[in-house]
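Here is how names work: the chains are called A, B, and so on, in the same order as the sequence lines, proteins then strands, and each is numbered from 1.
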Amino acid sequence: MDNIITYREAVRESIRKAMQEDERVFLMGEDVGHYGGCFAVSKGLLDEFTDKRIIDTPLSESAFTGAGIGAAMNGMRPIVEIMTVNFSLLALDQIMNNAATLLYMSGGQFNVPLVIRMATGGGKQLGAQHSHSLEGWFAHIPGLKVLTPATVQDAYDMLTLALADPDPVLIFENSLLYNSKGSLDTKVTPLAIGKAQVYKEGKDITILTYGINLFKVLEAVESLEKEGIAVEVIDLRSLRPLDDETIMKSIKKTHKVIIVDEGWKSGSISAEIMARINEQAFYELDTPMARVCTVEVPLPFAKHLEDEALPHAKKIVDVVKKVMGVS
Amino acid sequence: MDNIITYREAVRESIRKAMQEDERVFLMGEDVGHYGGCFAVSKGLLDEFTDKRIIDTPLSESAFTGAGIGAAMNGMRPIVEIMTVNFSLLALDQIMNNAATLLYMSGGQFNVPLVIRMATGGGKQLGAQHSHSLEGWFAHIPGLKVLTPATVQDAYDMLTLALADPDPVLIFENSLLYNSKGSLDTKVTPLAIGKAQVYKEGKDITILTYGINLFKVLEAVESLEKEGIAVEVIDLRSLRPLDDETIMKSIKKTHKVIIVDEGWKSGSISAEIMARINEQAFYELDTPMARVCTVEVPLPFAKHLEDEALPHAKKIVDVVKKVMGVS
Amino acid sequence: MELNLTKAKEFYYQMLLIRRFEEKCIELYSKQKIGGFLHLYIGEEAIAVGVMNALSEDDAVLATYREHGQALARGISAKSIMAELFGKMEGCSRGRGGSMHLFDAKTRFYGGSAIVAGALPLAVGMALADKMQNKNRVTVCIFGDGAVAEGEFHESLNLAALWKLPILFVCENNRYAMGTALKLTESETEIYKKAASYKIHSKQVDGMSVIDVAKASKRAVEDIRENGEPIFLECLTYRFRAHSMFDAELYREKAEVKEWKEKGPLVVFEEKLKEMGLWSEIDVQEIENEIASVIDEAVEFAENGTLEPIKDLEKFVYSEVNHG
Amino acid sequence: MELNLTKAKEFYYQMLLIRRFEEKCIELYSKQKIGGFLHLYIGEEAIAVGVMNALSEDDAVLATYREHGQALARGISAKSIMAELFGKMEGCSRGRGGSMHLFDAKTRFYGGSAIVAGALPLAVGMALADKMQNKNRVTVCIFGDGAVAEGEFHESLNLAALWKLPILFVCENNRYAMGTALKLTESETEIYKKAASYKIHSKQVDGMSVIDVAKASKRAVEDIRENGEPIFLECLTYRFRAHSMFDAELYREKAEVKEWKEKGPLVVFEEKLKEMGLWSEIDVQEIENEIASVIDEAVEFAENGTLEPIKDLEKFVYSEVNHG
Ligand SMILES: Cc1ncc(C[n+]2csc(CCOP(=O)(O)OP(=O)(O)O)c2C)c(N)n1
Ligand SMILES: Cc1ncc(C[n+]2csc(CCOP(=O)(O)OP(=O)(O)O)c2C)c(N)n1
Ligand SMILES: [Mg+2]
Ligand SMILES: [Mg+2]
């Protein structure tokens with residue numbers, strides 16, 4: 001049964017359903033309760049579930065993230081909300097040195113079924129300390145899974161999948177998507193963690209992307225199609241694990257690829273994808289791969305500068321054309 | 001004038017010289033003073049310079065790293081020692097959100113001439129929380145420079161260069177190198193930040209590496225040469241900025257490349273290098289690029305497992321042969 | 001500190017300037033002339049004005065994303081702040097920083113930090129550098145009640161006390177961190193007591209009274225200059241407006257806001273001046289007019305400012321002169 | 001808590017077991033049978049033994065990299081600890097953890113954490129989970145004096161107090177963090193006072209007296225079980241050996257070490273038992289013999305243990321059953 005809702009509502013409904021069905025699930029983070037969530041995601045949940053399960057935390061990112069790990073090891077299924085990825089740097093020790101290692105270090109004895117949600121991304125003139133896109137960077141860490149829902153359906157499904165997962169899962173929600181609308185089918189079996197989705201088929205070139213850039217890509221594709229370029233668009237969905245199979249299959253079809261991601265270019269997830277394509281499908285490539293990433297600057301406040309720093313449709317069009325050898 | 005000293009002594013002499021010549025320079029970190037430095041790097045310096053300039057800090061990575069930034073903005077030239085990179089996760093907010101952004105955010109008003117030294121690397125059976133190799137990961141961050149001295153000469157020179165730099169520089173010293181010996185010439189002009197060094201010329205294949213892996217590569221090369229494979233070995237030296245020019249020049253000569261680095265494979269600096277070679281020298285490549293990285297596990301304690309997880313000479317030999325199409 | 005007429009006028013002018021400046025910001029924000037986040041200081045003006053009054057030119061200031069008030073009181077011109085909010089090159093941070101990141105080398109204003117508690121370690125370092133260089137300067141670090149829960153607060157206070165650094169810590173306790181009330185975030189809600197646990201001399205002040213804040217700050221700065229040791233002021237205050245422009249204010253009662261407004265800094269200062277017989281000497285309309293023209297000029301300046309050329313996007317990622 | 005003969009024997013046995021076990025470790029380390037870091041607990045045995053005595057099976061323990069003592073006192077077998085130190089699959093962490101990362105689900109021993117203060121947030125979460133599930137269990141979190149300066153200490157103590165969580169915090173104050181003396185790291189060197197500033201009931205104990213530690217712990221655990229609120233014990237102790245096997249001990253005087261050794265936990269316990277007239281009832285040689293054979297068996301067990309097949313290197317990066 002389909003219905004049109006916002007991305008924000010999809011996340012909220014997914015949390016609500018999980019909390020109704022499983023009393024081990026709880027939500028904890030800064031302003032998730034009385035404020036209603038920094039992005040209003042958890043609005044109303046405090047009333048429904050009380051402050052026993054919707055827990056406002058002090059500004060203590062390291063401790064409440066670590067507390068999520070401890071609670072996960074001790075029978076609960078916590079959803080920790082780190083308001084935005086920018087503050088996750090304060091919790092990195094807990095994430096990398098505890099969440100990602102405990103199962104391994106303990107020889108398989110203690111798993112950490114923790115979900116960490118964070119808002120991510122630039123594009124709102126929030127400046128250098130509040131505009132990070134670090135999902136690709138987090139994907140470097142073994143022991144973690146990294147999900148990047150772009151659609152309303154995935155905003156809903158991925159939280160469900162993450163809560164069912166025995167290991168720590170990070171979900172990056174681009175805050176510019178919260179108001180976006182889409183259809184949600186709550187009856188469909190969700191596409192598993194680690195699976196990419198061919199969002200649109202095409203024969204000339206493959207564009208790999210995830211999160212909000214899916215929509216920038218679709219905007220670019222619209223104008224590219226007018227010029228007769230048939231683009232295959234793949235929503236990666238999961239940055240760790242990456243779905244090599246779906247990626248390589250597409251390359252074998254189109255022989256050309258560009259990657260669009262919002263990380264800073266050097267060391268972005270697009271670099272890793274290029275490395276894998278080189279390793280697994282080198283001889284399938286007709287031309288060099290290309291990428292559209294964020295320019296390597298601390299993001300500026302001024303709108304015109306920020307707009308230019310981030311990936312945008314025109315840049316994507318230009319790069320596709322360059323790879324296609326047309327202008 | 002050459003003399004043979006250890007890597008540890010080279011770092012110490014470089015600190016000492018800087019402190020003698022420039023009273024703005026001071027060293028601060030955990031156990032740099034009374035203990036003599038966790039790896040004995042700063043042994044003796046407390047006596048020479050007193051606790052006014054060799055400052056033992058409490059276990060407060062975030063605050064003393066931030067204090068280094070503040071002191072750098074206010075007329076000093078601090079060397080902050082974060083005992084090992086493993087603890088730098090606690091200081092990441094200061095490094096990424098302050099050190100790397102302040103010059104840009106302030107529109108060029110406040111630069112941060114800070115040097116952060118950290119020991120890095122696995123291979124000592126220290127387990128999952130104490131064996132990180134994150135230099136490539138740090139190289140993702142614009143605003144920082146990332147140096148990885150492999151040789152005694154560079155251990156000495158890079159600190160000098162870093163202290164002369166107006167911006168934050170991170171130096172990663174692999175702790176297994178502290179006892180290594182080499183010759184030091186203090187009169188030679190150091191190779192600038194951002195320059196790679198062709199360590200050994202060869203025509204058949206290029207190996208790009210840095211830090212301790214330079215020596216694993218050289219070990220591999222020795223046996224490869226016996227089999228008639230002439231390897232060009234490049235010590236990257238600086239991971240941010242990367243020396244694209246030297247890299248591409250070598251590819252144009254050998255047309256084959258492997259990269260050896262100790263980061264976890266996915267999202268390692270080797271991925272970025274592959275991406276750049278694809279972008280800048282795609283048509284020069286005869287075969288897919290290959291990489292030898294650390295297996296994607298939290299590093300295990302057991303020696304045989306850890307040895308297998310890290311890059312080693314045999315793996316390098318195998319991968320080179322595979323790329324060369326010999327066996 | 002004695003409050004003569006000149007000082008009284010100055011305080012009143014400064015507090016009102018902040019108030020009117022921010023009211024204009026609200027207007028410009030809704031017209032989308034200003035983008036990004038906008039955290040208003042309205043209700044808390046007495047603190048910025050009282051604290052800045054105690055400083056000399058050579059002292060340094062570090063603040064948060066809610067720093068228009070401190071920036072104005074410190075003497076950064078309304079023009080260059082407004083130009084910054086417009087994202088123009090003439091802004092005090094060249095349009096790179098925005099509302100949360102005002103910087104100004106001339107007045108030693110080191111931001112505008114958007115990471116809660118993130119500037120405290122910087123303050124420690126700045127003061128350490130002063131101490132090492134034998135400069136008799138004070139570093140003021142201003143932050144909210146929310147910062148107290150962060151690990152960086154703890155680490156920084158300990159370092160400041162341990163190393164005896166010339167820092168004035170000013171906590172603007174407005175009872176909420178976004179929508180979370182202090183009692184939900186601290187086991188000890190008397191923040192000055194927490195500071196005291198580091199053996200830092202620490203005091204609670206009525207942050208609605210510019211006179212009280214000014215007195216306490218002056219005394220504190222004098223002490224710091226003399227002894228070189230840190231001092232902590234907890235200023236009790238209240239934010240009249242929403243946390244930022246995106247805040248439905250579900251977490252507090254209208255009545256509570258109303259009650260606090262009645263004891264707002266301008267109100268209590270007026271009462272005080274009346275008591276002292278100084279109020280009649282102050283021509284409020286004249287001050288309003290002066291402020292209005294300062295703000296008009298600032299807006300015009302900002303409107304006419306230039307956008308940084310896109311080709312300079314990567315400028316200042318690194319310093320221009322690189323000896324490396 | 002009354003100290004009868006059985007308890008006395010048990011305490012003595014446990015403390016001596018830790019001592020002899022670690023002495024054997026030194027020997028094996030120098031023979032390179034054990035690799036990695038080795039942080040010895042010698043001198044601090046009374047704390048582990050006294051604290052663990054207060055716990056029931058169902059309580060949880062989190063400790064540091066210096067945790068052989070706690071692990072043994074908690075009841076993890078010498079065999080499986082020694083096998084762990086040898087990096088064998090029969091080790092309590094399958095050879096994956098080593099000396100700094102002993103884990104044991106059966107005794108609810110959650111490590112062995114090598115990041116100073118890194119386990120405190122975990123303890124908060126474990127206790128929170130118990131509270132949410134209405135389980136009347138205690139989580140014990142043990143750490144050194146060095147941890148007190150870390151931001152995570154502050155954040156965790158606040159959360160524990162604020163949320164009223166059933167945690168026993170045990171600070172092993174051995175006066176040094178590696179080579180840095182407490183007075184160089186804390187502006188307030190009375191650690192229990194720092195804990196009190198979070199409104200946590202907090203107490204200083206003679207960590208050299210197993211009886212004192214046992215009493216205080218028993219009382220604390222009872223209180224926690226009854227009230228569900230955290231308690232903090234600062235145990236004053238001293239590390240007789242170097243920080244780890246790489247430590248030239250430049251930072252302290254031999255005389256100081258000697259002085260502390262004279263009031264070591266085995267010495268003072270013996271004196272106490274003599275006072276109480278129980279010492280003569282204890283056959284030290286028998287205990288030594290028993291311990292010697294336990295340790296011999298452990299070493300043999302470890303020697304004969306198996307190395308995990310290299311093909312399993314990537315096992316347990318993720319859970320084996322993945323519903324994702
Ligand atoms: C480390 C960090 N976590 C979360 C945030 C998001 N955030 C911005 S302001 C704020 C509340 C801060 O409250 P307080 O310190 O009392 O200052 P006030 O806004 O009341 O002036 C929060 C949670 C942030 N900026 N930094
Ligand atoms: C976050 C962090 N910083 C630094 C270290 C390195 N280190 C290991 S133990 C130690 C000293 C800790 O002292 P204390 O907490 O007093 O425990 P003790 O060793 O005395 O038992 C240090 C600095 C670490 N493991 N973790
Ligand atoms: Mg506040
Ligand atoms: Mg200690």
Whatever's closer than 4.5 Å to a heavy atom in chain A on Ser113(C) counts as both

Applying a strict 4.5 Å limit to non-hydrogen atoms, the region of Val297(A) in contact with chain C is both

In this structure, CD1 of Ile115(C) is separated from CG of Leu90(A) (nearest 0.5 Å) by 7.0 Å

The reported gap from OG in Ser93(C) to CZ in Phe301(A) (rounded to nearest 0.5 angstrom) is 10.0 Å

How about Arg175(C): does its CZ atom have over 12 heavy atoms from other parts shown lying under 6.0 Å from it? no

Exercise. For the pair Ser60(A) (side chain) and Ala149(C) (backbone), establish whether a donor and an acceptor sit closer than 3.5 Å, ignoring hydrogens and angles.
Key: yes

If one checks every heavy atom of Met178(C) against chain A at 4.5 Å, the contacting part turns out to be both

Here the gap from Gln125(A) atom CD to Leu85(C) atom CG, rounded to the nearest 0.5 Å, amounts to 10.5 Å

Fill in: Side-chain heavy atoms of Leu59(A) within contact of Thr185(C), under 4.5 Å
no

Tyr35(A) and Tyr251(C) have their tightest heavy-atom pair at CD1-CE2, 3.5 Å

Flag, side chain of Asp56(A) to backbone of Thr180(C), donor-acceptor distance under 3.5 Å:
no

In this structure, are over 12 heavy atoms from other groups packed under 6.0 Å from Glu27(C) atom CD?
yes

Scored by heavy-atom pairs under 4.5 Å with chain A, the best of Gly118(C), Gly146(C), Ala248(C) is Gly146(C)

Under 4.5 Å to a heavy atom of chain A? For Phe37(C) that would be both

Nearest heavy-atom contact between Pro309(C) and Leu305(A) is O-CD2, 4.1 Å

request  = Return yes when atom NZ of Lys33(C) has more than 12 non-hydrogen atoms of other residues, nucleotides or ligands closer than 6.0 Å, and no otherwise.
outcome  = no

Check your understanding: Does a side-chain heavy-atom distance below 4.5 Å link Lys303(A) with Leu307(C)?
Key -> no

CZ of Arg96(C) to CG of Leu299(A), rounded to nearest 0.5 Å, is 11.5 Å

Under 4.5 Å to a heavy atom of chain C? For Lys124(A) that would be backbone

Output for pair (Leu126(A) CG, His101(C) NE2), nearest 0.5 Å, gives 8.5 Å

Whatever's closer than 4.5 Å to a heavy atom in chain A on Glu249(C) counts as neither

Assert top hit (heavy-atom pairs under 4.5 Å, partner chain A, pool Gly87(C), Ser244(C), Ala181(C)) equals Gly87(C)

Taking His304(A) for its side chain and Glu308(C) for its backbone only, find out whether a donor-acceptor pair lies under 3.5 Å. yes

Turns out that what part of Asp247(C) lies under 4.5 Å from chain A's heavy atoms comes down to both

- prompt: Looking only at atom types and distance, does a side-chain atom of Gln129(A) sit under 3.5 Å from a main-chain N or O of Ala114(C), one as donor and one as acceptor?
  reply: yes

Pair count under 4.5 Å, heavy atoms only, with chain C: among Lys43(A), Glu296(A), Glu61(A), highest is Glu61(A)

In terms of heavy-atom contacts, Leu313(C) and Pro300(A) come closest through CD1-CG, 3.9 Å

Ranked by heavy-atom pairs below 4.5 Å to chain A, first place among Ala117(C), Gly91(C), Gly97(C), Ala177(C) goes to Gly97(C)

Turns out that what part of Glu306(A) lies under 4.5 Å from chain C's heavy atoms comes down to neither

CD (Glu314(C)) and CD (Glu308(A)) are apart, to the nearest 0.5 Å, by 10.0 Å

